[in-house]
Amino acid sequence: MRWRGRRQSSNVEDRRRMRASFPGGMRRIPVRIPMRRGGGMSISTIIILAVLFIGLRAIGIDPLEMLAQGPITEQSAQQAPANDETSQFVRVVLAETEDVWRQLFRAEGAEYSEPTLVLFYSQVESACGFASAASGPFYCPGDNRVYLDLDFFNELARRFQAAGDFAQAYVIAHEVGHHVQNLIGVLPRFNRMRAGMSQAEVNAVSVRVELQADCFAGVWAHHTDQRGLLEEGDIDEALNAAFQIGDDTLQKRTQGYVVPESFNHGTSQQRQRWFLRGYQTGQVSGCDTFEGDV
Ligand SMILES: [Zn+2]
């Protein structure tokens with residue numbers, strides 16, 4: 001995707017330097033000390049600590065006393081700089097979704113209210129509850145926010161075998177698709193409906209909701225293409241990502257067999273088909289996943 005030099009959204013909340021507080025717990029801001037993967041200290045870490053120790057003593061602070069008080073914790077991960085390349089990319093993709101959806105809403109005489117995207121590290125608190133990075137990127141209708149741990153992109157490339165910047169853009173556009181669903185009443189309706197439904201029924205409707213978000217991601221890709229931002233291979237990257245995170249492919253990979261009643265996002269083939277439909281039509285009206293078979 002040709003994203004460099006484009007507008008970056010101001011609707012990104014970078015919480016990567018914060019540790020979310022556990023309910024009832026204490027908010028802790030960790031000071032991260034560079035460690036080797038095995039957990040042992042490298043020579044450079046020891047030198048940094050020694051310099052810090054001497055420096056703090058020189059200005060009248062006793063580092064040992066500080067250590068005794070906490071709240072210094074050690075993390076094996078390096079802290080990401082606030083303006084790193086990946087977060088810039090996320091800001092540009094979010095800005096592109098803002099431009100496209102604003103235009104599409106305006107064409108219908110409606111106003112698009114922009115979501116906020118929260119970057120977090122490891123765990124986060126949202127209006128939808130407490131979440132860890134393991135649950136993957138998500139949208140919370142309660143606070144109109146998309147939550148994303150950038151480590152997911154590494155996982156997408158390695159574990160899910162879906163590399164490429166447009167695979168990442170697809171993930172963001174899918175979450176923004178849920179925001180669009182929230183604005184047009186699809187998510188509120190789903191939440192009212194699910195109260196009286198069995199788990200299998202909830203799953204079946206969930207698949208339709210998810211496939212529509214894929215279709216909306218495709219609609220966004222269509223307009224992004226018209227804006228001249230797509231490069232050769234981008235659509236293939238998105239289609240491959242849609243395939244790799246299909247319920248059947250995920251289940252085959254993790255448990256070796258598939259349980260269709262437990263699907264809640266759609267099969268690989270369905271996810272590809274709906275992304276492609278959105279991409280080809282470029283219209284929200286082409287994304288009615290609630291009528292007939294999907
Ligand atoms: Zn989704």
Side-chain angles (χ1 to χ4, degrees), residues 90 93-94 97 100-101 114-120 124 126-129 131-153 155-156 159-160 162 166-191 193-194 197 199 201-221 237-251 253-254 260 262-279 284 286-290 294:
V90 169
V93 171
L94 186 63
T97 66
V100 167
W101 285 110
E114 299 166 353
T116 296
L117 188 149
V118 178
L119 291 176
F120 71 97
V124 74
S126 76
C128 298
S132 82
S135 53
F138 67 98
Y139 172 73
C140 175
D143 56 20
N144 293 299
R145 280 169 160 77
V146 171
Y147 291 85
L148 176 65
D149 180 330
L150 292 181
D151 274 351
F152 179 75
F153 288 159
E155 219 179 322
L156 194 63
R159 191 152 75 94
F160 300 111
F166 213 71
Q168 301 171 355
Y170 154 69
V171 168
I172 298 167
H174 171 97
E175 297 308 331
V176 170
H178 284 313
H179 175 65
V180 170
Q181 290 178 310
N182 198 27
L183 295 180
I184 64 177
V186 171
L187 290 190
R189 206 178 315 134
F190 176 43
N191 276 329
M193 279 166 67
R194 65 190 300 163
M197 293 193 308
Q199 190 55 47
E201 287 168 333
V202 170
N203 287 343
V205 181
S206 170
V207 165
R208 292 175 186 271
V209 170
E210 294 298 333
L211 293 176
Q212 187 175 61
D214 282 335
C215 189
F216 286 171
V219 168
W220 172 76
E237 285 174 4
L239 285 172
N240 177 51
F243 181 88
Q244 298 295 351
I245 58 178
D247 285 325
D248 51 343
T249 303
L250 284 182
Q251 289 190 356
R253 189 178 297 142
T254 54
S262 70
F263 289 175
N264 52 22
H265 279 72
T267 64
S268 295
Q269 205 190 26
Q270 285 174 320
R271 298 198 71 165
Q272 287 187 318
R273 186 162 64 230
W274 283 98
F275 174 84
L276 210 52
R277 186 167 304 179
Y279 174 63
V284 170
C287 295
D288 188 357
T289 54
F290 294 91
V294 286

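Keep in mind that this is a model prediction, so the values were computed, not measured. Numbering of ligands and ligand atoms starts at 1, following listing order. Values below: every heavy atom of this structure, side chains too, minus hydrogens, waters and symmetry copies.
- For the Zn ion (ligand 1), the nearest N, O or S atom contributed by H174 is named NE2.
- The closest side-chain donor-acceptor pair between D143 and Y139, if any, does not fall under 3.5 angstrom.
- Judged by the 6.0 Å distance and 45° axis criteria, R194 is positioned over the aromatic ring of F190.
- Note on H265: not counted as a metal contact of the Zn ion (ligand 1), no N/O/S atom lying under 2.8 Å.
- Checking H179 against E114 by side-chain atom types alone, no donor-acceptor pair falls below 3.5 Å.
- Looking only at atom types and distance, the side chain of H178 has a donor-acceptor partner in the side chain of E210 under 3.5 Å away.
- Atoms NE2 of H178 and OE1 of E210, as seen from the Zn ion (ligand 1), are separated by an angle of 100°, to the nearest 10°.
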